[in-house]
Amino acid sequence: MVVVTSEPREDNFKRVIKRSYSDDSESEVARKKIKTEGEKKRRVKREQKEEEEAEEYEWWRDQNGDKDDTIRWTQLEHQGVLFPPEYVPHGVPILYDGEKVYLEPEIEELVGFFAALLETEHGANPTFQRNFFNELKLLMSKSKRKYPIKEFSRCDFRPMYEYFQKQKEEKKQMSKEEKAALLEERKMIEEKYGYCILDGRREKVGNFRIEPPGLFRGRGAHPKTGCYKRRVRAEQITINIGKDAKIPEPPKGSKWGNVIHDQTVTWLAMWKENVNDNTKYVFLAAGSSLKGQSDLKKYEKARELKKHIVRIRKDYMAALTSSDGKTRQRATALYLIDRFALRAGNEKGDDQADTVGCCSLRYEHVTFEDGKVVFDFLGKDSIRYYNKVEVHPAVYRNLVSFQRAAKTPGNLLFSLINTVELNKHLSSLMPGLSAKVFRTYNASHTFQQELEKQDVTPASSIHELTLAYNRANRQVAVLCNHQRAVAKNFSGQLSKIADRLMGLRYECRRHIDLLKPNLTDLSLADRAKYDLAPFEQACRDDPDRPITTEWLYSYFADLLTKDIERLEKKKASDATQSNLDSIEEKLASLSSELSTLNSKKEALSSSKSSKPYIPEMYRLTFNSIDKSFSTIQRLYTRIVATKTALVDKDENKTTALGTSKINYIDPRITVSWCKKFDIPVEKFFPKTLREKFKWAMHADKNFKF
DNA sequence: CCGGTCACTTAGAAAGAGTCCA
DNA sequence: TGGACTCTTTCTAAGTGACCGG
């Protein structure tokens, strides 16, 4: 969709045009493109003009290469972290064997964490349930009170769940003023904790909120999912801050665990989480100079790989047939990492979900079919990687032999190498090179290529350009296997669109049938003006979903039902004495048609009447050639739009475009493309991404990755 | 070399905000 | 006009890879 919806966006657009599109005449087209759209769609008005136009430090302008990059800052001031509110008991019981059980606050809190997730996948996950229940039993055993609770299956958390639902509902029903007050409060907090002073500049802090307690929500088959993630106290937190800065005040009655002044790291605070013993950090926001610098560095490193890639590929291709087993394994792994954008695959512990990357692939993760290799394994976040691919014969032979050597499921395919070794080898080929650089390189490179392949010109509409961009984006997302859960009601949504499309096709066809006989008397030249061929093509039946009489009856029944609803509403809301009669009359005829239709439908199976019945109010009458023709044109446009929407939706159902846009595609490719095609970068980078990619916004229109 | 630690990037889910459409 | 749907932001889990000490 092409929508310029609100004031700020329009504002941004103008500013970006002014700031980074130096040639004014060129931006004229783009401005026009936006203007009409903007005028048409703009509705919501919001004040908020600021968006901090403060004289910004443009760090990317003075990158004098190799400064000491172990020191990350010289001045650092911040306000510390924000703790979640203390627990407030609600006193809602759970049921055990149907009997109410009231819980002391600490236990009630824990149980509440579970009750809130009752209707989610976590709540239904046996591991999650078991881990949670063990935690609960532990807490109960430590309590002075005696609880009757012994078995999970005899618990009923519904009362608490329903209580939470009710609360959510109430929150939704809050008055405007209350909501505004809440927002104000949030703003105040952000103002205080959301910023720090870094080398004299005010920069945004990312996650200054301490993670609230809850149940650990591990992904996939994580053995610890459902474990109690405890409340974090000031005593567990280490603050990192400038020597001269004022140390932030810990909550009353508490002390920071530690305060350090480490200039070689970028975090402001750190603590250890209790479930997996992982370290959690408070970092600056993605749009900060520190993050921006390393982002730029990442892409520059990937571009550096461009200069070496031919040699490196030659190198590992040759090594595929090395007599040394280790070398052969390394080369094969590199081939997979380079060709299929696999992750390195560090080894993992037993207390984590069983997921793999390249080096940790096992016997069972590859099979061989029709001369191709099938990869099927769970990768990061337990996302399934399934790919049936053709590979170089040497790679095929190697994989077969590695698998044979592994003998049985559970054993490593690449038994002689690991990520450390692989990366060591890579860094010997190019300084700073590691496995993950290939993902960045291939993603950005693919994106640029795909974008060039697209059949668009600067004259193309915004819609076409957006489509082209997203297609290229999608190629990258597929390459990197970035997935998302299929939306809850996806198939319903799909068939809804498909149904709408069928309706449009039908309407288009009957209008064509109506018009056609009227064209025969026209002169040949005139007839050419009303060429129906493309429209006839468009409204041809989808072979998978032909228009049957049965469908037709449902279609009209649907139309009738909707019309009736509309009229009923009208009757209820603004019926006056004068129009009440006509409304009633219409209603009566509609419902009589509806019952006629229903009985016709009933009779369908028995009698095979050839001509479907059409309710009177939906029969068409011919008016004029021009009118009829323009109706067909309109319908055609809608058919085409609906068709693309359908294809797009289906292709997008499991592919997540965001991850590659945020992490893998050099933003300068997008910026330069936007400049070349005269389309505002806002179309592809929402506010936070523009913030994150500030450093890329002035990329030249001839920028090449 | 190896295992552990540390710091950082990358990831999908969930929450929240905005928009669309009947 | 409000409820469904979509897009954006936030949240925090899950990776990568360097380094360190034995």
Side-chain angles (χ1 to χ4, degrees), chain A residues 1 3 5-6 9 41-44 46 72 117 120-122 168 171-172 179 183 186 206-212 214 216-220 222 224-225 229 240 262 264-267 270 272-273 275-281 283-286 290-291 294-295 297-298 343-349 352-353 355-360 379-383 418-424 426-427 432-437 439-440 443 480-485 487-490 492-493 496 500 562-563 565-566 569 573 649 652 654 656-660 662-664 685-689 691-692:
Chain A
M1 263 324 253
V3 189
T5 23
S6 59
R9 224 185 253 200
K41 304 264 179 159
R42 194 191 315 141
R43 221 175 306 146
V44 197
R46 277 184 290 135
R72 309 298 304 272
L117 298 175
T120 68
E121 251 164 64
H122 293 297
K168 260 192 208 159
K171 205 176 161 196
K172 254 197 246 163
K179 278 182 185 164
L183 204 72
R186 223 184 139 82
N207 53 329
F208 57 82
R209 275 171 232 273
I210 293 293
E211 294 175 15
F216 172 66
R217 282 133 110 138
R219 313 252 170 92
H222 197 296
K224 291 197 181 180
T225 193
K229 188 169 106 173
N240 189 31
D262 188 346
T264 70
V265 296
T266 67
W267 51 266
M270 179 218 89
K272 271 239 168 125
E273 151 271 346
V275 176
N276 296 292
D277 208 31
N278 284 330
T279 318
K280 300 277 188 156
Y281 299 92
F283 289 116
L284 294 195
L290 278 179
K291 293 281 188 193
S294 37
D295 216 25
K297 233 167 147 183
K298 173 181 80 185
R343 295 189 183 81
N346 287 312
E347 54 263 59
K348 299 183 71 186
Q352 289 165 296
T355 62
V356 299
C358 184
C359 292
S360 46
K380 181 178 179 179
D381 292 300
S382 295
I383 296 295
N418 58 40
T419 55
V420 176
E421 190 155 35
L422 189 82
N423 284 331
K424 242 183 222 156
L426 287 175
S427 70
L433 185 62
S434 66
K436 83 193 271 278
V437 182
R439 252 169 100 81
T440 314
C480 296
N481 198 38
H482 291 143
Q483 296 193 236
R484 58 174 187 172
K488 258 192 231 121
N489 189 24
F490 181 80
Q493 288 169 19
K496 225 178 181 174
R500 202 165 65 214
K562 274 182 190 146
D563 280 348
E565 269 171 28
R566 214 168 296 144
K569 242 185 226 159
S573 63
K649 201 175 177 78
N652 257 337
T654 57
L657 303 191
T659 308
S660 50
I662 295 167
N663 298 302
Y664 287 105
F685 291 160
K687 187 163 169 259
T688 44
L689 274 195
E691 199 64 23
K692 172 174 163 135

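Chain naming here is simple, since letters A, B, ... match the order of the sequence lines and numbering starts at 1 in each. Computed from a predicted structure; not experimentally measured. Note that these values count all heavy atoms, side chains included, but never hydrogens, waters or copies made by symmetry.
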Side-chain N or O of [X] less than 4.0 angstrom from OP1 or OP2 on [N]?
X: A:K436; N: B:dT9; value: no
X: A:Y664; N: B:dA11; value: yes
X: A:R186; N: C:dT9; value: no
X: A:K348; N: C:dA14; value: no
X: A:R209; N: C:dC11; value: yes
X: A:T279; N: B:dA7; value: no

Any side-chain heavy-atom pair from [X] and [Y] closer than 4.5 angstrom?
X: A:N276; Y: A:H222; result: yes
X: A:K272; Y: A:D277; result: yes
X: A:R219; Y: A:I383; result: no

Checklist entry - More than 12 foreign heavy atoms under 6.0 Å from NZ of A:K297: is that the case here? => result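 No - once you tally the heavy atoms of other residues, nucleotides and ligands closer than 6.0 Å, there are 12 at most.
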How long is the line joining [atom1] of [X] and [atom2] of [N], in whole Å?
X: A:R219; N: B:dA14; atom1: CZ; atom2: C1'; answer: 10 Å
X: A:R72; N: B:dA7; atom1: CZ; atom2: C1'; answer: 10 Å
X: A:N663; N: B:dA11; atom1: CG; atom2: P; answer: 6 Å
X: A:N346; N: C:dA18; atom1: CG; atom2: P; answer: 10 Å
X: A:N278; N: B:dT5; atom1: CG; atom2: P; answer: 11 Å

Checklist entry - Looking for any heavy atom pair under 4.0 Å, which part of the strands does A:G345 touch: base, sugar-phosphate only, or nothing? => result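 Sugar-phosphate, no base atom in range.
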Next on the checklist: Under 4.0 Å, heavy atoms only, any strand: does A:I383 hit a base, just the sugar-phosphate, or nothing?
Outcome noted: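 Contact class for A:I383: sugar-phosphate only.
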Next on the checklist: Tell me whether the rings of A:W267 and A:Y281 are parallel (<30°), tilted (30 to 60°) or perpendicular (>60°).
Outcome noted: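 Plane angle between 30° and 60°, so tilted.
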Checklist entry - DNA chain C: A:V437 or A:E273, which has the more 5' nearest nucleotide? => result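 Result: A:E273.
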Checklist entry - With nearest nucleotides of DNA chain C determined for A:K280 and A:N423 from heavy-atom distances, which residue corresponds to the more 5′ nucleotide? => result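 Its nearest nucleotide lies further toward 5', so the answer is A:K280.
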Checklist entry - Taking for each residue the nucleotide of DNA chain B bearing the nearest heavy atom, is the 5' side occupied by A:R217 or by A:D262? => result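 With A:R217 and A:D262 compared, the 5'-side residue is A:D262.
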Item to check | Comparing A:M270 and A:H482 on DNA chain B - which has the more 5′ nearest nucleotide | outcome: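 The residue whose closest nucleotide sits nearer the 5' end is A:M270.
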Next on the checklist: Is there, by distance only and without an angle test, a donor paired with an acceptor across the side chain of A:K291 and the base of B:dT9 below 3.5 Å?
Outcome noted: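 Such a pair does not exist between side chain and base.
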Checklist entry - Considering only side-chain heavy atoms of A:T659, which listed nucleotide, C:dT12, B:dT9, B:dA11, is closest? => result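 Nearest to the side-chain atoms of A:T659, counting from C-beta on, is B:dA11.
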